[in-house]
Amino acid sequence: VHEPLLSEKTEETVDVRAESPLPDDLTRDSLTLPAPSEPEIARHYTRLSQMTWSIDSGPYPLGSCTMKYNPKFTEDVAADPNAAVHPDRSGRSIQGTLGLQYRLQEFLADIGGMDAVTLQPPAGAAGELTGILVAKAYHEHHGNDRSEVVVPASAHGTNFATAATAGYDVVELPSGEDGRVDVEALEAAVGDDTAALMLTNPNTVGLFERNITDIAEIVHDAGGLLYYDGANLNALLGRGRPGDMGFDVMHYNVHKTFATPHGGGGPGAGPVGVVDELAEFLPTPRVRKTEGEGGYERFEPDHTIGKVHGFAGNWLVLIKAYAYIARLGDEGLADAAAKAVLNANYLAERIDIDVPYGPFHHEFAATAGDRDAADVAKRMLDFGVHPPTTKWPEMVPEAMLTEPTEIEGKSSLDDLAEAFNLAYADTDEALETSPNRTAASRIDQVGAARTPRLSWQALDDE
Amino acid sequence: VHEPLLSEKTEETVDVRAESPLPDDLTRDSLTLPAPSEPEIARHYTRLSQMTWSIDSGPYPLGSCTMKYNPKFTEDVAADPNAAVHPDRSGRSIQGTLGLQYRLQEFLADIGGMDAVTLQPPAGAAGELTGILVAKAYHEHHGNDRSEVVVPASAHGTNFATAATAGYDVVELPSGEDGRVDVEALEAAVGDDTAALMLTNPNTVGLFERNITDIAEIVHDAGGLLYYDGANLNALLGRGRPGDMGFDVMHYNVHKTFATPHGGGGPGAGPVGVVDELAEFLPTPRVRKTEGEGGYERFEPDHTIGKVHGFAGNWLVLIKAYAYIARLGDEGLADAAAKAVLNANYLAERIDIDVPYGPFHHEFAATAGDRDAADVAKRMLDFGVHPPTTKWPEMVPEAMLTEPTEIEGKSSLDDLAEAFNLAYADTDEALETSPNRTAASRIDQVGAARTPRLSWQALDDE
Amino acid sequence: MSRADGSPYAPHTDAETAKMLSAIGVDDEEALFDIPDSVAFDGEFGIDSRSEREIRAECARLFDRNDDLTEFLGRGHYGHYVPSVVDHLSDRAEFLTSYTQYQPEISQGFLQALFEYQSILVELTGLDVANCSMYDAATALGEAATLADRVRSTSGDVVLVPAQLREGKQAVLENYCAGAELTVESYPMDDGNADVDALAERADSDVVMVYAENPTVRGCVEERLAAIGEVADDADALFALGSDVVSLAVLQEPASVGADVVVGEAGALGLPTAYGMGLGIFACSDDFIRQVPGRLVGASEERAPPEGARDRGGDAAESGGDRAFTLTLQTREQHIRKERATSNICTNQAWVALRAAIHAATLGPNGLVDLANDCIREAAALADAIDDLTGAAAPVHNRHHVREFAVRVDQPAAAVAEDLEAEGFAVHVIGEHLLQVCVTDLNAARADDLVTTLGEVI
Amino acid sequence: MSRADGSPYAPHTDAETAKMLSAIGVDDEEALFDIPDSVAFDGEFGIDSRSEREIRAECARLFDRNDDLTEFLGRGHYGHYVPSVVDHLSDRAEFLTSYTQYQPEISQGFLQALFEYQSILVELTGLDVANCSMYDAATALGEAATLADRVRSTSGDVVLVPAQLREGKQAVLENYCAGAELTVESYPMDDGNADVDALAERADSDVVMVYAENPTVRGCVEERLAAIGEVADDADALFALGSDVVSLAVLQEPASVGADVVVGEAGALGLPTAYGMGLGIFACSDDFIRQVPGRLVGASEERAPPEGARDRGGDAAESGGDRAFTLTLQTREQHIRKERATSNICTNQAWVALRAAIHAATLGPNGLVDLANDCIREAAALADAIDDLTGAAAPVHNRHHVREFAVRVDQPAAAVAEDLEAEGFAVHVIGEHLLQVCVTDLNAARADDLVTTLGEVI
């Protein structure tokens, strides 16, 4: 199975200057690009699509990625031609768009237990950055010069990178023996320099931070803020709200929790919710109801951090999130969390691989022990499923971080468990030489990085 | 590669009477059907789709089927919510729909050289039946009781079946040595009983009936009508019109000539065009311009045959045909024919298999000689292409009737030729045991017909 | 562009065209056409090529000329909400742009989908066999008559149909019957149902088929189906029952009342309102399995691969003996049997059948039964509300109704319908003082408005 | 239903749930939650579950409240006609519903598509490397500044940007710069272009990056790019050039004028007008290959399969050594390098990049150049027509323009814009007496109407 590059099929070179309305010194000389016909394009991308695993292909239990079914109707809602407006339109001329923004802000605030929400951040990491910038603006506004953000060792790598991007020093907090935050270590770590603690809850092995109230108190007492990483919010829908746990600021991953499609890497959206005290620092503009008229208007928060996206973020994605939340409603949201947790626990029960920590919620980190987790994963590909996230988090040796989500049924989980068990029990040789039943066999990733070839031009140069 | 039946995944039984608003004696007892969730449905049909060859998968050179690329934008045109109207709407309230019907009638009349067109027949065979019923009504109206329809031996089986369905006896006309109509045999075959001669031109091995003027004269002189089977119209677009050749009535296969998608077997549409003398017999209603107002109205032809479809035919398909014709315009239509003929001739040149008749146009019938054409076709599947139509028409021994259409480029045709040549040159054993690289290996079709199992209920009963 | 103006879907560059012409040995494409000058076309159609953007805009403008009415229309063509997933899955190019499954080894997916569609119809009808589609209910009825003609050795040639029958359906039936030299006759109705006594009186040895509908064209549930079946049986005639895919979920199972053939519409699932485009049901008992018109998908097996096949690699080399699907009993069909075929149909409504099957799957049996029950309840409620108006009575027939019912108005029905249209509602006119109104999930929310408006215009 | 009300996308029947609970050894789902009572939520959000039909209707009603204006709006977000094939192919579930390609063996298709997207950007920019997307032009610019901070060993911390810059873009840049302790300063403009002399004067060793745009936010073609590049070079600062994917097809190739980094928008291809949703370009020279933010797809090979692998069957067993694609240079990224990553970005705009690549393929180089030239010609024509009006002058800057240009009006610009809006047109207000107007293939047919209306309201 192999599809030639578009450039290998047909290329044309255009003499740009021949018909340019511009003087020659302002134009390029020529442009060379593929020039396929529409039938060729249709076949090219149809074939490429068939060489791509997706949630509509089968189980996709990537821990911490929350790959769940993306309801088709949300696509149709987002494709409404009346929604296709320019961001510089006057607020009065796009009351529908502002209205939906407002409603989604409200939904998210309710679900997170937050007081105010911005929809602007275009992805989860952008949401993190927004949240930390808001925290920073808050501290600066109150004359506090704080230089550190505390991050548990088991946290998503993005937390570290985000804190650094915002200009903070990162203080890494070792995990406790039970896989959760070590409260004593936390007490030692926080202080006058602490701007915030970034926390995922349930954490990255699915454990709820039982001492969350103590944690919040410690951070708050030190003058810091508590940041909630929304990556694992799916486990808490309707069961617990970050705002009720003492979190001051959080982001939502709509492509995880609210089932917007991940598109092979994006676009996502990372709305940020905050408690009242932080609302005046949120990005501009926000949307509120007008007084009295039943309309909506944009406004600039008093001490806004400015902007984190050139316009209004990934709006088409946000529409889908709205439609999803409206479809589920209170009961559906709570049931999604319940079934996600049920599925993770059932699958863990069914596999022959140790799961060191518990009680976990929506995901668990099995340990492949003396097997190479990445090799086990490759062998799983041969059994027609997508494997879990491997070798992370590091607190679990040869981790296989698994999150089936609520969309798998019992028989699907049984099949998935069988794939785990067959792969785990296979010979070393079989593991190392797998996969064999996939479109491509094992790919040399070391070589790819050693000699980067990042374009067809680079291939031509060889 | 195997996907369970929906019924094997999940079934539920409903007690219909439990909540019925009807008395028990008017209802059924229970209903048992699959009850999959939407994610399960999405995966089921996504997998099934991936086990299905299509024009977007690669070459599909089925002779006489004219499988060409279906432009995607035509789908969007047909999906216009304003086009979704009920057929019993008053004409005055659906001027847009009537307007498009009218325009398409005009397009088709121009292209075929016909005077009047009905869009009602829902497929090519329905168009044939409509055309023959119109011819019959014409003869009856003029007091002629004619009992026979003449059909060349090389014609599509549908012609024979259609004539029989309309109540005619079929007179089969043997082919001449050059593969065309034997004019002397035709003279002998037609007479007072001849209602019509049904002709495909170019015929089913791609040969133009050079004596078409003589043929028309012979049929007309005998008082018969000349019917044009539109299956091969793609070869003539902008190059020749049935109306100019003496044909009195014709059908158009919009899913062949005008690139509407074939949908795995349908829906198609088979509009029928006629010369003036036959217009008053066309199905009701037709659409015409209103006098003076720039509007459109339905009307019933004076001596209409009535209806051939319960409503207005496969309207969504017809919209796509309109969009396709408008996209190509005069030059595009003529070029489609030119490239279709070019491709057929080039491919025939490139394959190592004899092509007994010529000069052919958009399709050719190669002869596999002492190889089994069906086996060669199966082996071609292993080389990633769809094979041609095999073992038909019968005038060519072990025929491989091949129609690449205009959408294949040179390199695609070269690949296709290679598949022909590799398969044709392979061993008997390789042919008989092929295909081997497909989702399923050779399927037992004899067994399927001997013991019909036509539903999952039938499988359960085993 | 190095590609001359022409078909945007032909990929040939001028250089490629030249190479291909040279390989063939001719100077230009014209040389490949063997059309005598006397009949060659050198005129113009006058059709200007437009861009897809322009055509989309043009058609959007045109369809925008259709008035935006809330339709309370049915009589054989029904609008129900079609879940988005139906569009998204059926629009996958592999389904939409494939041909009939002549090479089953690379068409297993569509074949299985059609097999599943057939199975759903088998469950709904209780009959043994369902084909994988006819064009619509009307043509399916026509084919039922020709089947009756083939399988019934009665001396006669009469097809009996209800006096209340959709006009278009009757017209289509008559065309099929004319070819088979059958005569269509109507039997009388009794308050919206078949007048079974009158039918029994008429049904003699002339009759090859008795056709009844449940629900009828006026939406009435037919209450004496078994009796109709007996009448047909006694006359040695085929009993053909017309229904639709939603009603079948709750009404008496056709097999249980003696139906030999079930025809009707399945487009109420999967198809949006489509100007009458349909999906014809054709189901029958095993007795007629080799007389069925249209295509049938059957289960079969892969042939066991011989030794050595594995050396050529590929998935299939591993298997053999696995269940697989294929078009079957093709000797009934016109491409093999020519004028002795069971029908001339080849291209059918396969893709619409796929859509209906997907829609049925989204509903499941519960959802389908709920939908049918809603059709019954909503019709009763709307009829009640209209009946409360002065100058209108509904339902005209004292029967249970599915989706639709007749309404008697004191004023001329055509004028009332015209007034309603001016107010944004479309209803049927079926008699001088008779309207027909159809309510489904798509328009139920506007039912109160219809009643209010009707009250104002009568 | 035997499935309790809950998520419609969780397939569990009650019976299955019971079996699963039993296998785990708990009585109910609640027992699996380890949330202390003190922080457990037992309230309600008050969100009623609605059917998909209801939600579609609700949102359609809501969006219908948006006025139907013809937009002559640009300034970084552009509407061009997106061919249908882009929707149909990119909406295929395999593309739309896949995750980042962590398992390349089953993600070759999307990886290849992104590799091709990168290649198109390499061709358009002339630079060696393009990543497979940033969020938008503004965040890409922010990332360019942090890259400059990492790779330039100047003593300073100043990022120089044009005085005329989209406000949102400047605000985003400032947020990225604040984290890196960089300062953003503006250099003056000279009739819509950079004032290169003033820029040269300002550019000293404090400067880590000089940013220029071509075209500028006011649509002006920047005429002295090479000179700006030299200024940056002389200051040992990074030269970052902003552009958009359509303009790049005809304007000077960034590599040829010394650009070190190209940022900008590629969403003008593939994305419809989407309330500002974008597709950030990030391209640079090989020198910075290990400093690039975001994901990179590289070509590699399949490892040769060992003997014996064939026994396990499958396609892949036959191959080995074939070209294959994979995400690469991941040690730059946050999930490996944490706080020392080149950026915190992970989820990007991959699917939008796919759409842009498909759109580019439908155009080919000829179509893309034609589109860009039309943007230039239409802008000139519209400016001319507006200039003919009494009370308006256009273009304000005596430069060549792409798509858009500033218009000076005698009356207050805000009032003029409001009047235009009332007549169905949207334009930008960029100064007390300054409007900005953007013309593309989507609104060009209404350009004459805009001129007429503008003439009436001023």
Side-chain angles (χ1 to χ4, degrees), chain A residues 14 28 31 33 35 45 48-49 51-56 73 82-84 86-87 93-96 110 122-123 125 157 160-162 164 166-167 170 208 245 261 263-266 268 306-307 310-312 315 329 332 335-336 338-339 346 406 409-410 436-438 441-443 448 453 455-456, chain D residues 6-7 10-11 16 20 29 32 34 39 45 47 49 52 59 62-63 65-67 73 89 92-94 96-98 100 105-106 108-110 119 122 135-136 138 168 171 179 253 273 275-276 298-300 302-303 312 314 316-317 324 328 334-335 338-339 341 344 347-348 350-351 364-365 376:
Chain A
V14 185
R28 62 191 299 147
L31 183 69
L33 283 175
Y45 287 101
L48 290 186
S49 76
M51 294 157 68
T52 303
W53 186 266
S54 70
I55 194 68
D56 282 8
F73 85 98
N82 290 328
H86 192 284
S93 76
I94 52 166
Q95 285 293 300
D110 284 348
F160 300 87
T162 295
V170 177
F208 192 87
M245 299 170 195
K307 291 184 74 67
F311 298 98
W315 176 233
D335 185 57
K339 294 301 190 297
Y346 178 75
E406 66 274 17
K410 179 173 175 297
N436 301 295
R437 295 175 183 167
T438 45
S441 61
R442 190 82 71 99
I443 291 166
R453 292 168 297 170
S455 62
W456 59 53
Chain D
S7 167
E16 282 164 350
M20 291 167 70
E29 292 151 357
L32 299 169
D34 183 34
V39 295
F45 307 133
I47 305 172
S49 167
E52 66 168 72
C59 290
L62 199 53
F63 287 128
R65 290 183 59 187
N66 287 346
D67 296 340
L73 300 173
L89 295 174
R92 287 181 60 84
E94 298 94 324
L96 188 63
T97 77
S98 61
T100 307
E105 293 83 1
I106 55 169
Q108 284 298 294
F110 213 131
S119 303
V122 164
Y135 307 131
D136 70 347
E253 191 181 64
T273 303
Y275 203 50
S300 185
E302 296 177 65
R303 293 186 341 200
R312 287 189 296 281
T328 194
Q334 83 303 126
H335 63 282
K338 295 184 166 181
E339 66 269 27
N344 77 330
T347 290
N348 53 27
W351 182 74
I376 295 166

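Throughout, protein chains are lettered first and strands after them, A, B, ... in sequence-line order, and every chain is numbered starting at 1.
Put simply, the side chain of A:Arg453 gets close to the backbone of D:Ala299: a donor and an acceptor are under 3.5 Å apart.
By number of non-hydrogen pairs under 4.5 angstrom with chain A, the leading residue of D:Ser119, D:Gly179, D:Ala171, D:Gly364 is D:Ser119. Per-residue heavy-atom pair counts under 4.5 Å with chain A were compared for D:Ala350, D:Ala324, D:Gly298, and the maximum is reached by D:Ala350. With chain D as partner, the option from A:Ala123, A:Ala338, A:Ala161, A:Gly409 having the largest number of non-hydrogen pairs under 4.5 angstrom is A:Ala161. Of the residues considered (A:Ala164, A:Gly268, A:Ala336, A:Pro261), A:Pro261 shows the highest number of contacts with chain D, using heavy-atom pairs under 4.5 Å. Per-residue heavy-atom pair counts under 4.5 Å with chain A were compared for D:Glu29, D:His335, D:Met20, D:Glu253, and the maximum is reached by D:Met20. No other option in A:Arg442, A:Lys339, A:Gln95, A:Lys410 has as many heavy-atom pairs under 4.5 Å with chain D as A:Arg442. The candidate with the highest count of non-hydrogen atom pairs below 4.5 Å against chain A, out of D:Ala138, D:Ala341, D:Ala93, is D:Ala93. With chain D as the partner, the residue from A:Leu31, A:Val170, A:Asp56 showing the most heavy-atom pairs under 4.5 Å is A:Leu31. Contact count versus chain D (heavy atoms, under 4.5 Å) is highest, among A:Gly329, A:Pro122, A:Gly263, for A:Gly263. Between chain A and the residues D:Val39, D:Thr100, D:Ile376, D:Thr97, the most heavy-atom pairs under 4.5 angstrom are made by D:Thr97.
The two residues A:Ser441 and D:Arg303 make their nearest non-hydrogen contact at OG-O, 3.7 Å. Minimum interatomic distance between D:Tyr275 and A:Ile94 (heavy atoms only, all atoms of both residues): CE1-CD1, 3.6 Å. Residues D:Ser98 and A:Trp53 share a closest heavy-atom pair of CB-O, 3.1 Å. Residue A:Val14 comes nearest to D:Pro365 through the heavy atom pair CG2-CB, 3.3 Å, listed as atom of the first residue, atom of the second, then distance. The two residues A:His86 and D:Thr273 come nearest to each other via the heavy atoms N-CG2, 3.5 Å. Here the closest heavy-atom approach between residue A:Gly310 and residue D:Asp136 is recorded as N-OD2, 2.7 Å.
For the residue pair A:Ser93 / D:Asp67, no side-chain donor-acceptor distance below 3.5 Å is found, with atom types taken as modelled.
Distance check: D:Arg92 CZ to A:Leu48 CG gives 10.5 Å after rounding to the nearest 0.5 Å. Atom-to-atom distance recorded for A:Met51:CE and D:Ile106:CD1 is 12.0 Å, nearest 0.5 angstrom. For the atom pair CG (D:Leu89) and OH (A:Tyr45), the distance works out to 8.5 Å, reported to the nearest 0.5 Å. The structure places CG of D:Asn344 at 3.5 Å from OG1 of A:Thr162, a figure rounded to the nearest 0.5 Å. Atoms CG and CZ, from A:Asp110 and D:Phe45 in turn, are 7.5 Å apart once rounded to the nearest 0.5 Å.
Proximity of A:Thr438 to D:Gln108: side-chain heavy atoms (C-beta onward) are nowhere separated by under 4.5 Å.
With sequence neighbours excluded, no residue satisfies ring pair (Phe, Tyr, Trp, His ring centres under 6.0 Å) with A:Tyr346. Under the rule for a ring pair (Phe, Tyr, Trp, His ring centres under 6.0 Å), A:Phe73 has no partner lying at least two apart in sequence or in another chain.
For A:Ala166, the part sitting under 4.5 Å from any heavy atom of chain D is the backbone (N, CA, C, O) and nothing else. The contact between D:Thr328 and chain A is made entirely by side chain atoms (from C-beta outward), counting heavy-atom distances below 4.5 Å.
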